[in-house]
Amino acid sequence: MIIRKATKNDMPSVLELIQELATFEKEPNAVVVTVDDLVGDGFSENPLFQCFVAEVENEIIGMALYYYRYSTWKGKTIHLEDLIVKENKRGTGAGFALYKEIIKQGKVENVRRIEWNVLDWNTPAIDFYEKSGAKVLGDWRVVHMDDKGIEQFLNTTI
């Protein structure tokens, strides 16, 4: 298994993994991003994300997509957006290898925090994260506003 930085040519496989994750998270129709979006957003002069892939025999079997954020308390941080391994390749160590690569990247970049979200029903992931030394914060809630919410807010507050 090889863990390496993703390339533009990997984006079709990365999109397949994103779709598999959306299905796993019970949101199979939520993915609207395209391969062109991933290429444009990840490989421009100022990329919006970075990505590692796990490859076995020229097949991408997993990926970890992340980007840098800034915390007013901590400074530079990494946000791990998604880590996914193909269902039929789980248990091969690919997920752990990608997770470790993200943590190594954080160390190399001198970030003071690496953060990500996990669904409350994904107990195997929660157990793994806690055993690895991560803290699952129960007193914080994830808040987001989708495109419909943005539009509704702007139309009702102007």
Side-chain angles (χ1 to χ4, degrees), residues 1-71 76-111 113-132 134 136 142-152:
M1 181 184 322
I2 299 168
I3 304 297
R4 61 172 175 78
K5 283 279 195 166
T7 67
K8 290 179 185 182
N9 293 335
D10 297 325
M11 292 305 101
S13 296
V14 167
L15 183 57
E16 287 176 19
L17 287 161
I18 291 168
Q19 186 60 57
E20 186 171 330
L21 180 62
T23 300
F24 172 76
E25 292 184 351
K26 302 177 174 105
E27 294 277 349
N29 299 315
V31 177
V32 296
V33 71
T34 67
V35 170
D36 288 340
D37 293 331
L38 292 170
V39 169
D41 294 340
F43 299 91
S44 63
E45 186 176 325
N46 296 305
L48 299 177
F49 69 87
Q50 306 287 319
C51 186
F52 290 111
V53 293
E55 183 178 41
V56 175
E57 297 177 2
N58 296 316
E59 177 189 7
I60 306 270
I61 65 165
M63 66 92 177
L65 190 143
Y66 67 99
Y67 54 89
Y68 294 96
R69 292 173 64 173
Y70 194 83
S71 164
K76 186 177 182 180
T77 68
I78 285 178
H79 180 81
L80 173 58
E81 180 64 20
D82 283 326
L83 190 155
I84 181 73
V85 174
K86 286 185 177 183
E87 186 174 9
N88 66 348
K89 301 296 184 184
R90 293 181 190 149
T92 63
F96 181 80
L98 288 163
Y99 183 73
K100 184 175 180 181
E101 197 67 27
I102 291 292
I103 295 169
K104 284 172 38 181
Q105 184 69 25
K107 181 70 173 167
V108 166
E109 292 289 331
N110 283 329
V111 302
R113 181 172 67 210
I114 302 170
E115 55 199 27
W116 61 95
N117 299 318
V118 61
L119 291 165
D120 62 359
W121 53 261
N122 192 349
T123 53
I126 292 168
D127 291 344
F128 169 78
Y129 295 143
E130 289 178 336
K131 285 178 187 170
S132 77
V136 178
V142 175
V143 179
H144 78 241
M145 185 179 286
D146 64 12
D147 54 345
K148 291 176 186 169
I150 293 167
E151 197 64 39
Q152 181 180 2

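- The line from CG of Leu80 to CG of Asp82 is 7.5 Å long, rounded to the nearest 0.5 Å.
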Could you pull out every donor-acceptor pair under 3.5 Å between side chains of residues 97-105 and any protein atom, sequence neighbours left out?
unit_1: Tyr99; atom_1: OH; unit_2: Ser132; atom_2: OG; d: 2.6
unit_1: Glu101; atom_1: OE1; unit_2: Lys104; atom_2: NZ; d: 3.4
unit_1: Gln105; atom_1: NE2; unit_2: Tyr68; atom_2: OH; d: 3.2
unit_1: Gln105; atom_1: NE2; unit_2: Glu109; atom_2: OE2; d: 3.4

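- For the pair Asp127 (side chain) and Pro124 (backbone), a donor-acceptor distance under 3.5 Å is absent.
- At a threshold of 4.5 Å between non-hydrogen side-chain atoms, the residues Leu83 and Tyr66 do not count as touching.
- Checked for salt-bridge contact, Glu20 and Lys89 miss the test: no charged N lies under 4.0 Å from a carboxylate O.
- Rounding to the nearest 0.5 angstrom, the gap separating the NE2 atom in His144 from the CD1 atom in Ile150 is 9.5 Å.
- In this structure, Arg90 forms a cation-pi arrangement with Phe24, its terminal cationic atom sitting closer than 6.0 Å to the ring centre and no more than 45° off the ring axis.
- Inter-residue side-chain proximity for Met63 and Ile18 is flagged as met; some heavy-atom pair is nearer than 4.5 Å.
- Summarising the geometry of Thr123 relative to Asp120, their closest heavy-atom pair is CG2-O, 4.3 Å, with the distance given to 0.1 Å.
- For the atom pair NZ of Lys26 and CG of Leu119, the computed distance is 8.0 Å after rounding to the nearest 0.5 Å.
- Atom CD1 of Ile2 sits about 10.0 Å away from atom CD of Glu57, to the nearest 0.5 Å.
- The nearest pair of heavy atoms linking Asn9 to Pro12 is O-CD, 3.4 Å.
- The 12-atom threshold is exceeded at CD of Glu59, counting heavy atoms of other residues, nucleotides or ligands nearer than 6.0 Å.
- In terms of heavy-atom proximity, Ile61 sits nearest to Ala94 at CD1-CB, 3.7 Å.
- Summarising the geometry, atom OG1 belonging to Thr7 is positioned 6.0 Å from atom CZ belonging to Phe43; distances are rounded to the nearest 0.5 Å.
- For the side chain to side chain contact (heavy atoms under 4.5 Å, CB included) test with Thr34, the passing option among Val32, Asp36, Val31 is Asp36; the others fail.
- More than 12 non-hydrogen atoms from other residues, nucleotides or ligands lie less than 6.0 angstrom from NZ of Lys76.
- Under the 30°/60° scheme for interplanar angles, the aromatic rings of His79 and Tyr67 are found to be tilted.
- Leu17 CG to Met11 CE: the interatomic distance, rounded to the nearest 0.5 Å, is 10.0 Å.
- The minimum heavy-atom distance linking Thr77 with Ser71 is given by the pair CG2-CB, 3.9 Å.
- In this structure, Cys51 and Val14 have side chains that are in contact, with non-hydrogen atoms separated by less than 4.5 Å.
- The heavy-atom pair separating Asp41 from Phe49 by the smallest distance is C-CE2, 3.8 Å.
- The existence of a salt bridge linking Glu55 and Arg4 is confirmed by a sub-4.0 Å separation between a basic side-chain nitrogen and an acidic carboxylate oxygen.
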